[in-house]
2 protein chains.
Amino acid sequence: MTINAYDESMPESRTVPARFPVTVDVVALTVADDAMNVLLITRLLEPFRGRLALPGGFVLPGEDLITAAARELAEETGVEHVPGHLEQLGSYGPKGRDPRGDVLTVAHLLLAPNFPVLSAGSDAKHAAWYPVHQVLDGGLRLAFDHERILADAVERAKSKLEYSPLGAVFCDKEFTVAQLRAVYEAVWGTRLDPRNFHRKATGTSGFLEDTGRVTTGDAGRPAALFRLAPAARPAPGQPTRAVLNPPLMRPPP
Amino acid sequence: MTINAYDESMPESRTVPARFPVTVDVVALTVADDAMNVLLITRLLEPFRGRLALPGGFVLPGEDLITAAARELAEETGVEHVPGHLEQLGSYGPKGRDPRGDVLTVAHLLLAPNFPVLSAGSDAKHAAWYPVHQVLDGGLRLAFDHERILADAVERAKSKLEYSPLGAVFCDKEFTVAQLRAVYEAVWGTRLDPRNFHRKATGTSGFLEDTGRVTTGDAGRPAALFRLAPAARPAPGQPTRAVLNPPLMRPPP
DNA sequence: GCATTTATCGTCACCTTGACAATAACTCGA
DNA sequence: TCGAGTTATTGTCAAGGTGACGATAAATGC
C-alpha cells in the first residue's frame with residue numbers, strides 16, 4: 001500500500017493524509033492503604049528524563065488499541081494476564097503533547113486489585129504504585145499531559161463506582177462487604193455507613209453472590225465472603241452496564 | 001523533527017515508531033419525526049463507493065481532535081458553528097477498519113437540534129439525515145466500521161439522557177416540557193407519562209429555567225417555555241456532570 | 001470471662017416514583 | 001358563541017428506596 005493510495009481514492013482529502021505516531025497509555029488504578037494508587041514509571045531518557053509517567057508505548061502496525069495497551073502493560077509491569085478491567089478512556093492530542101512533535105495517544109483505564117510490579121532494575125523502567133492524591137495535589141509532577149489524563153481517569157473511576165458494579169474489580173476474587181466498602185470510601189474519599197452500605201450491596205440483585213464461606217482470624221465477627229455475580233462480571237472490552245443504580249430520568253422496563 | 005528523533009530519545013521503543021493516518025468521524029444525532037436521526041454522507045469514491053458513511057476526514061498536523069471534528073463537520077455540512085454538544089466518543093482501529101490499511105479514527109458525538117445540511121450537489125458530498133433505526137435494523141449499510149460506531153454513539157446518547165441534562169440540546173433554545181419529553185421518548189423508544197415527566201423535569205433543581213413565556217397557536221392549553229439552566233448548560237469540550245439522577249451507590253454530599 | 005471489635009439485622013421518618021384523577025386553558029368546528 | 005377536543009399542569013396516593021441510627025451476633029485479645 002502506498003501513501004498515494006489515499007490521495008487518489010479518498011474524497012475527503014485531495015492531499016496526502018498526515019500520519020502520526022500513535023501511543024497507548026495505561027492508567028492502572030488500585031486501592032491500597034485506604035487510598036487510590038496509580039502505577040507510574042520513571043522516565044530514563046529525554047524528554048522529561050527522571051519524571052514520572054504513565055506506562056505506555058507505541059502502537060504497532062496491525063495491532064488493536066486494547067491489545068497494544070495490554071502489551072505495554074505486560075512489558076512494563078511484567079503481568080502476563082490483564083489483572084482487572086481494562087477499557088478505553090479517551091484520546092489526547094496530537095497537538096501540543098510532546099515537545100518533539102505531534103503524537104496522538106489513546107489512554108486506557110485499568111481497574112485492578114493491587115498487583116506486584118517489576119521492581120526497579122529488573123528492566124529499564126522503574127514501575128511502582130503512587131498515591132493518586134500526591135499527583136493531583138501537585139506534589140508529584142508527571143511527564144507530558146499525563147496529569148490531565150490521570151485526572152480524567154480518576155473521574156471516570158469515580159463514576160464507574162456510581163453506575164456500575166466495577167468497584168468489585170478492585171477487590172480480590174472473594175471479598176467481604178467491608179472490603180468492598182473500603183474501595184468505595186477510598187475512591188470517593190468519604191465515609192459510608194456500614195449498615196446502609198451492607199443493605200444496598202447485598203440487596204442489589206445481580207451484584208454480589210454469596211460464597212457461603214466466611215473470613216477467619218480477623219478481629220470481630222467473621223464476615224461473609226462474596227464474589228461478583230456473573231451478570232455483573234465485566235466482559236473483556238465490553239461496556240459495563242449499570243446494574244446498580246436507578247437513575248433519575250429512566251426508560252421504563 | 002526527524003523520525004529518528006524517536007529512535008534516539010524514546011525509552012519505550014528502540015525502533016522507529018509506526019505512523020498511522022488518523023481521521024475523525026462525527027456521529028451527528030438529532031431528533032425529528034419522533035425518531036433519532038443521523039447525519040450521513042454518500043461516498044463517491046472507492047472504497048465503499050456509493051455507500052453511506054459518517055462525515056469525517058483526516059486530522060491535520062497541529063490540529064486538535066475536537067477542532068478537527070468541528071472542521072470536518074463544517075466542511076461537509078456547511079454549519080459554521082457547532083450547533084449542539086460535541087464530545088469525543090472513542091477511538092477505533094487502527095487494525096482492520098479500512099481495506100487500504102491501518103487507519104485510526106477518533107469518533108465524536110454531536111447532539112444537536114435538527115439543522116439544515118448541504119443539499120446534494122452543493123459539494124462533492126451528499127449529506128442528509130437518516131433514521132437511526134434504518135441503519136441498526138440492517139436496512140441501510142454503512143461504510144467501514146461506521147455501523148458499530150453509530151451503535152456505540154446511540155448507546156452513549158441513551159445514557160446521556162439518563163445521567164445528564166443533555167437531552168435538552170436536542171431542543172431549540174426555548175422549548176416546552178412536552179418537546180423535551182418527545183426527545184426522551186424518541187431516543188429511548190418508549191412512552192413516558194406526561195405528568196410524571198413534567199414533575200421530574202421541572203422539579204429537578206438546576207435543570208430547567210422558566211422563561212416566563214408560553215407557546216401560542218398550538219392546539220390545547222399553552223405550554224410554558226423553558227431553557228436549559230446555566231448550571232446544566234454543557235461547557236464546550238468539557239465532560240457533562242450528572243445533574244439529573246441520584247444513582248444507587250452514591251457519595252454523600 | 002469480659003471488654004473490644006466488626007458484621008449484620010431492624011426500625012423509622014422522609015423522599016421519590018409510578019399510576020392515575022382532576023382541573024386549566026387553549027383551538028376548532030358547528 | 002358554544003361546546004368538544006386537545007394539551008398542559010397540578011394533585012393524590014400507595015409502594016418502595018434512603019439516611020440516620022439502635023440493637024444484636026460472633027469473633028479476638030487480654
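In the text below, chain A, chain B and the rest are named by the order of the sequence lines, each starting its count at 1.
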Base-contact (B) and sugar-phosphate-only (S) positions in nucleotides 4-13 of chain C, heavy-atom cut-off under 4.0 Å, - elsewhere: -BBBBBBB--
Once the angle between the rings of B/Trp188 and B/Tyr184 is folded into 0 to 90°, is it parallel (under 30°), tilted (30 to 60°) or perpendicular (over 60°)? perpendicular
Identify whether any heavy atom of B/Asp218 sits under 4.0 Å from a base atom; if not, whether one sits that close to sugar-phosphate; answer base, sugar-phosphate or nothing. sugar-phosphate
For a 4.5 angstrom cut-off between non-hydrogen side-chain atoms, does B/Phe197 reach B/Val177? yes
In whole angstrom, what separates B/Asp193's CG from D/dT9's P? 14 Å
For B/Tyr163 together with A/Tyr163, are the ring centres under 6.0 Å from each other? yes
Whole angstrom value for the distance that separates C1' of D/dT7 from CZ of B/Phe197: 15 Å
Whole angstrom value for the distance that separates P of D/dG19 from CG of A/Leu192: 9 Å
Donor-acceptor pair, distance only, cut-off 3.5 Å: does the side chain of A/Asp193 make one with the backbone of A/Asn196? yes
Between A/Gln88 (side chain) and B/Ser91 (backbone), is there a donor-acceptor pair under 3.5 Å? yes
May I ask you to decide if A/Leu54's main-chain N or O and A/His146's side chain share a donor-acceptor pair within less than 3.5 Å? yes
